[in-house]
Protein chains: 2
Amino acid sequence: MKRNIIVGQSGGPTSVINGSLYGVVTEALKHPQEIERIYGMENGIEGFLRDRVMDMKELEESGELEYVRTTPGAYLGSCRYKLPENLEDDVYQILFQKLETYNIGYFFYIGGNDSMDTVSKLSRYAKKCGSDIRFIGIPKTIDNDLVHTDHTPGFGSAAKYVATTVREIAMDAATYDTKQSVTIVEIMGRHAGWLTASCILARQFEGDNPVLVYVPEVSFCPDTFINQVKEEMRKVSNLVVCISEGIHDENGTFICEYGNNVGTDTFGHKMLTGAGKYLENLVKEKLNVKVRSIELNVCQRCSSAHLSRVDLDEAVNAGVYAVYVALEGETGKMISFVRKKNTPYELSYETADVNQICNQEKGLPKEWIAENQADIRGSFIEYVRPLTQGLVELPTKNGIPVFAYRRR
Amino acid sequence: MKRNIIVGQSGGPTSVINGSLYGVVTEALKHPQEIERIYGMENGIEGFLRDRVMDMKELEESGELEYVRTTPGAYLGSCRYKLPENLEDDVYQILFQKLETYNIGYFFYIGGNDSMDTVSKLSRYAKKCGSDIRFIGIPKTIDNDLVHTDHTPGFGSAAKYVATTVREIAMDAATYDTKQSVTIVEIMGRHAGWLTASCILARQFEGDNPVLVYVPEVSFCPDTFINQVKEEMRKVSNLVVCISEGIHDENGTFICEYGNNVGTDTFGHKMLTGAGKYLENLVKEKLNVKVRSIELNVCQRCSSAHLSRVDLDEAVNAGVYAVYVALEGETGKMISFVRKKNTPYELSYETADVNQICNQEKGLPKEWIAENQADIRGSFIEYVRPLTQGLVELPTKNGIPVFAYRRR
């Protein structure tokens, strides 16, 4: 008997999360013997609970699917919805009734830690109630913090964005080299420093910018930071410093929270800012030099100009492989990347037990953090560089990229 | 008798200011009968006063010149140095003695308003003292605020960056479309709204993001702004708003200055922020919705991935034409762009009296600002779109662009 498939996206978007969606849909289309309909859930499990589903075959027929491949942001819409810990909760029964109604045989969820938690719970509930629906997770996060996989789709493109942009910022900062300046670049990463660490790809020679790099795997001390900046300014007149948004002091207080202790303005409004802005003001006050902070913000997770071909191809392949293993009978698994070689770069697609992945975080290993805790060791480059390679040609119209857009 | 040429860069960098430098040097190399040596002044007139000059022929011989063409930031370094109003000041005599020492016959300065002021003063001093050195200005500014030229090199690439990035931000913002959100994008432009206005290139259909656009040519009222946001949120769940950094109230007070009235934090540090961050906090307080502000910051003037081929070609040609007119005997002129046609786009390179350009600013004409002062009229697109067209292939190494870098 033919069954239908459903695919959803969850958590923060990346530049290639739609690549995985494209992979799932195109592979499913190749199996008309086993798969009847291909549903997309709008805004993940949250939308599915409200029957917000769309027919993905229509997307293929209209020609829109090709644009989905290179569109940033989650095409289907995302959610941050946590299923209850207690599998006896009514919501599971409701969900499985809906899955039966739609005659779903295969369920694919593209996301990070929290999304793998959803896959874990649903697959455990299926086992408990004897359902044969197969649940497969497809990894996605620019944070690169999932365990049991060499890396995650989305990280490579974000790392390429960070490397290129930090290099450009360093060129810009060097413009007024007769005057000393400090530029602080704030990079995404609340708990994991993988993306911030990637900024060292921008460095062209020893002592080149970015000179100082701070990740959240070690604690951050504002006084030490000021001393390190002061010290490096003796050697480099236009210093570029990269920090993770999630740097915190030894008590675990985020540096961005320091900035939130400011008072209100004359209109009674309270100002909230990030770690970079806080440190900008600190450097200005302590060292009295020209200083600027730049928060790379969402651009690092949605830039299509900096797509890494390796990353996009792997994201698509993860979707393709998910359909393959589901049809083979696997469930409760996440697609996992196993690196075979660096030169030339070779990757193997495998599966890992989703229960061992969800709700865990993989930080940047300590051996890649320099002894002074203010730099990343060169050996990290061998790990990250292959993931940032290759260009992706984008469809454009009137000079700007054409993206797939689901009218709401 | 053969003479030497000297070229310098001044003011804020752009993605294509080095394109003009490349144009000057490559054209000068084609005239060995008239031109002996090609000097570059490091950090503009300020560096020249300290004899900081380099031989640009070496750059060609080492193969580095080709990389200069697509390198962001000012390769030669820049300065913000204003020559005295009084032409009797000693500095003029010192400068002209230096120019004689270096046997300079032709002087090229790539920059914005202030740089054209330098060209104006030097050419007037030359006339006064009977010097036959020719002074030519080459326009450059992402602000597009120079008079007597259709547009300026640097603007097209920055506009393309803004259009593409705002489109990507809109895709990212739509990810959680079940929840209302406001995203405020702060774009460069202290007094002129050209670059901010370019964000409407990101709009794909009527009512699409960015829905609200605020430029500094009209005054900004925070209360009206809050009402307009509230009104538009009834129609669009994930609203994107673009503002110029230089928006100001009817008294001329910059909105970014509002944010500077906040108190100090618990450590006694004062926080300074921009207009976007201020409005983010305002929207959060007044409307209690999810809100984020994104300052595009220096990325909009140094992104090589978003280079417009039209813009880069025009920047190079402006440098080429400057050498041509100088050899023809012109002085006290700025290279000026005259648009002949939009379809197909045709441009003519001419010259304009530099004295009529310096110290003036060309704002966005009122007829392109919508009646509600919170949007840009579609007719502006015909003006800006041709300037953003075409891709530039960049030299890359290990996946990131290769830039020319002057070791300091």
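Protein chains get the first letters and strands the later ones, always in sequence-line order, with residue 1 at the start of each. Note that these values count all heavy atoms, side chains included, but never hydrogens, waters or copies made by symmetry.
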Report the option among [options] that has the most heavy-atom pairs separated by less than 4.5 Å from atoms of chain B.
| options | value |
| --- | --- |
| A/V298, A/T71, A/T164, A/V310 | A/V298 |
| A/S293, A/C302, A/G73, A/A170 | A/C302 |
| A/P401, A/S303, A/A163 | A/S303 |

So what's closer than 4.5 Å to chain B heavy atoms on [X]: side chain, backbone, both or neither?
| X | result |
| --- | --- |
| A/N398 | both |
| A/K179 | side chain |
| A/A159 | neither |
| A/Q204 | side chain |
| A/L201 | backbone |
| A/E46 | side chain |
| A/T165 | side chain |

- Item | Heavy atoms of other groups near B/Y67 OH, more than 12 under 6.0 Å |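 Counting neighbours around OH of B/Y67, 12 or fewer heavy atoms of other residues, nucleotides or ligands fall under 6.0 Å, so no.
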- Query: Considering only heavy atoms from C-beta outward, does the side chain of A/N297 approach that of B/R292 to under 4.5 Å?
  - Reply: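 In contact.
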- Message: Is any side-chain heavy atom of A/C299 closer than 4.5 Å to one of B/E168?
- Response: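 Not touching, per the 4.5 Å side-chain cut-off.
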Shortest non-hydrogen contact from [X] toward [Y]:
| X | Y | result |
| --- | --- | --- |
| A/P13 | B/Y176 | CD-OH, 4.5 Å |
| B/M171 | A/A404 | CE-O, 3.2 Å |
| B/Q389 | A/G399 | OE1-N, 3.4 Å |
| B/A202 | A/I400 | CA-CD1, 4.0 Å |

I'd like to verify something: which residue of [options] has the highest number of heavy-atom pairs under 4.5 Å with chain A?
| options | answer |
| --- | --- |
| B/K397, B/E295, B/R309, B/R167 | B/R167 |
| B/Q9, B/K160, B/R301 | B/R301 |
| B/G390, B/P72, B/A173 | B/P72 |

- Which value, rounded to the nearest 0.5 Å, describes the distance between B/D172 atom CG and A/S78 atom OG?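 These two atoms lie 10.0 Å from each other.
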- Does A/Y75 reach the main-chain N or O of B/T175 with its side chain, forming a donor-acceptor pair under 3.5 Å?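 Not confirmed, A/Y75 side chain does not pair with B/T175 backbone.
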